[in-house]
Amino acid sequence: MIKKANNPVPIKDILNKLTIEELDIKGKRVFVRADFNVPIDNNLSITDDRRIRSTLPTIDYLIDEGAKVILASHLGRPKGKIDPRFTLAPVAKRLQRLIGKEVLFAQDCIGAQLEGIVSRMKNGDVLLLENLRFNPGEEKNDEEFAKALARLADFYVNDAFGAAHRAHASIVGIPKFLPSAVGFLMRKEIEYLKGTVQNPVRPFVAILGGAKVSGKIGVLENLVDKVDKVIVGGGIAYTFIKAMGYEVGDSLVEPEMLDFADMLRKKLIEHNVKFYLPVDSVIAQSMEPGSETKIVTTQEIPKGWRALDIGPASAKLFSEAIQDAKTIIWNGPMGVFEMDAFSRGTFAIARTISDAYALTIIGGGDTDYAAHRAGVSDAISFISTGGGASLQLLEGKELPGIAALTDRKEE
Ligand code: AMP
């Protein structure tokens with residue numbers, strides 16, 4: 001079979017869990033755990049609603065199939081107390097506009113009054129519960145709280161990929177009491193992130209950057225025997241470079257990761273993985289806007305200077321290495337892209353990735369924002385909605401929120 005570059009692996013081939021389409025939901029109450037943890041400014045205005053939009057396929061499907069749709073999410077860190085700054089009321093309003101249909105908003109997420117509201121819902125009605133984290137039971141994974149949530153519904157659907165790595169009541173607690181399935185967004189995340197790593201079209205290139213080696217090392221370990229090329233840029237590159245014996249001035253280095261980074265580099269090379277590090281860098285003495293910058297080779301970073309972006313030669317080298325890729329996974333910016341002076345490397349790589357004839361996947365968080373700022377988001381095959389959760393999947397770990405769902409019976 002010839003695999004097309006832009007098709008992920010179907011979920012049935014990689015996960016033995018119920019999916020939303022396998023539930024008989026007409027006229028039934030369906031509890032959807034969504035990730036509506038969107039940025040909201042001081043005037044309670046939503047500044048980026050992509051997380052809400054990405055759950056629309058699940059919500060629309062449930063409405064069309066005549067279910068009673070009960071939506072729940074966390075927002076921010078209210079630490080188990082009611083805090084009006086973290087109300088989901090603005091999300092209810094935005095959702096109403098997006099689906100063109102009334103969205104009821106409940107002041108609480110459990111309780112007799114709420115159960116009354118749910119009992120009066122008609123097929124196709126949509127109800128959003130108040131922030132789950134207003135209740136201390138959510139983050140503690142309290143069993144009584146999970147039971148109270150489960151009492152509201154007949155089925156549970158998890159579409160909150162961004163929260164699937166957390167063992168909270170609404171993620172791992174409710175599925176103990178209800179038949180539980182994967183939602184459409186969750187399915188897409190698993191198909192792209194897990195499916196692609198298990199079964200990539202080659203050459204398969206992983207591009208890693210960002211600030212914390214310790215956050216990315218698990219991904220590299222998991223990819224050792226799966227990828228063809230690894231490109232490391234951003235702050236994490238300088239721990240690898242220092243471990244090779246070079247001086248890196250005041251660049252970011254994680255001393256406790258030096259040995260491990262070196263071991264991993266050697267292991268990748270032993271596995272015949274082509275391993276790329278920056279050959280030049282944009283350096284500065286401080287991150288102050290307007291401070292003097294220079295471009296130097298990796299071997300010549302002076303004391304008192306720090307590398308804050310890959311240089312033009314590295315951008316060219318990395319772009320050449322990416323040219324023939326058929327699958328690309330990118331997590332972590334190539335420099336401090338939030339500042340113009342150190343953004344060119346990240347934007348150059350973002351453009352190269354978006355131009356490649358390949359299945360291209362971005363692993364959430366900062367990298368998503370970088371692609372957005374580079375203006376290439378629409379040309380990427382898939383941008384994950386989860387930062388921590390996408391890293392855990394790329395590390396080959398099981399996510400608690402997926403493991404908790406109901407197993408599919410063998411056909
Ligand atoms: P992470 O969460 O580990 O992906 O890190 C993302 C952050 O890494 C971004 O905010 C970047 O500003 C930062 N970053 C990227 N390259 C460097 C660098 N060379 N030095 C310091 N910080 C960096």
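Order of appearance sets the numbers: ligands from 1, and atoms from 1 within every ligand. These numbers come from the heavy atoms of this one structure, side chains and all, not from hydrogens, waters or symmetry mates.
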Asker: Would Tyr369 and Phe337 count as a close aromatic pair, with their ring centres under 6.0 Å?
Answerer: yes

Asker: Check each atom of ligand 1 against the heavy atoms of Lys212 and keep those under 4.0 Å away; list them by number with element.
Answerer: 3 (O)

Asker: Flag Leu252 as yes when one of its N or O atoms lies below 3.5 Å from any N or O atom of ligand 1, and as no otherwise.
Answerer: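 No; every N/O pair is 3.5 Å or more apart.
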
Asker: Could you say whether the N/O atoms of Lys216 and ligand 1 ever approach to under 3.5 Å?
Answerer: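 Min N/O separation from ligand 1 is below 3.5 Å for Lys216.
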
Asker: Please give me the minimum heavy-atom distance between Ser390 and Asn331, naming the atom from each residue.
Answerer: OG-ND2, 4.3 Å

Asker: With only distance considered, is Gly209 within less than 3.5 Å of ligand 1 through an N or O on each side?
Answerer: no

Asker: Would you check if the side chain of Thr239 reaches a backbone N or O of Glu254 as a donor-acceptor pair within less than 3.5 Å?
Answerer: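 Such a contact is found between Thr239 side chain and Glu254 backbone.
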
Asker: In the protein, what heavy atom is nearest to atom 3 (O) of ligand 1, and what distance, to one decimal place, separates them?
Answerer: Ala211 N, 3.0 Å

Asker: So which heavy atom in the protein is nearest atom 19 (N) of ligand 1, and how far is it from that ligand atom?
Answerer: Ala307 O, 3.0 Å

Asker: Is it the case that the side chains of Asp159 and Thr55 hold a donor-acceptor pair, with the cut-off being a distance below 3.5 Å and no angle test?
Answerer: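 No, no side-chain donor-acceptor pair sits under 3.5 Å.
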
Asker: Can you pull out the closest protein heavy atom to atom 22 (N) of ligand 1? Residue, atom name and distance to 0.1 Å, please.
Answerer: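 In this structure, atom 22 (N) of ligand 1 has Val336 CG2, 3.6 Å as its nearest protein heavy atom.
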
Asker: With the threshold set at 4.0 Å, does a side-chain nitrogen-carboxylate oxygen contact exist between Asp407 and Lys17?
Answerer: yes

Asker: What protein heavy atom is closest to atom 14 (N) of ligand 1, reported as residue, atom name and distance in Å?
Answerer: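 The protein heavy atom lying closest is Gly335 O, 3.9 Å.
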
Asker: Can you tell me which residue and heavy atom of the protein come closest to atom 2 (O) of ligand 1, and the distance to 0.1 Å?
Answerer: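 Nearest neighbour among protein heavy atoms for atom 2 (O) of ligand 1, to 0.1 Å: Asp366 OD2, 3.5 Å.
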
Asker: Report, in ascending order of atom number, the atoms of ligand 1 lying under 4.0 Å from any heavy atom of Gly210.
Answerer: 1 (P), 3 (O), 4 (O), 5 (O), 6 (C), 8 (O)

Asker: I need the nearest protein heavy-atom contact for atom 9 (C) of ligand 1: residue, atom name and distance, please.
Answerer: Glu338 OE2, 3.3 Å

Asker: Between Glu247 and Lys303, does any NZ, NE, NH1 or NH2 come within less than 4.0 Å of an OD or OE carboxylate oxygen?
Answerer: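 Salt bridge flag = no for Glu247 with Lys303.
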
Asker: On the 0 to 90° scale, with breaks at 30° and 60°, tag the Phe275-Phe240 ring pair as parallel, tilted or perpendicular.
Answerer: tilted

Asker: Relative to the ring of Phe382, is the ring of Tyr192 parallel (under 30°), tilted (30 to 60°) or perpendicular (over 60°)?
Answerer: parallel

Asker: In terms of atom number and element, which parts of ligand 1 are under 4.0 angstrom from non-hydrogen atoms of Gly234?
Answerer: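 Contacts of ligand 1 toward Gly234, numbered from 1: 16 (N), 19 (N).
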
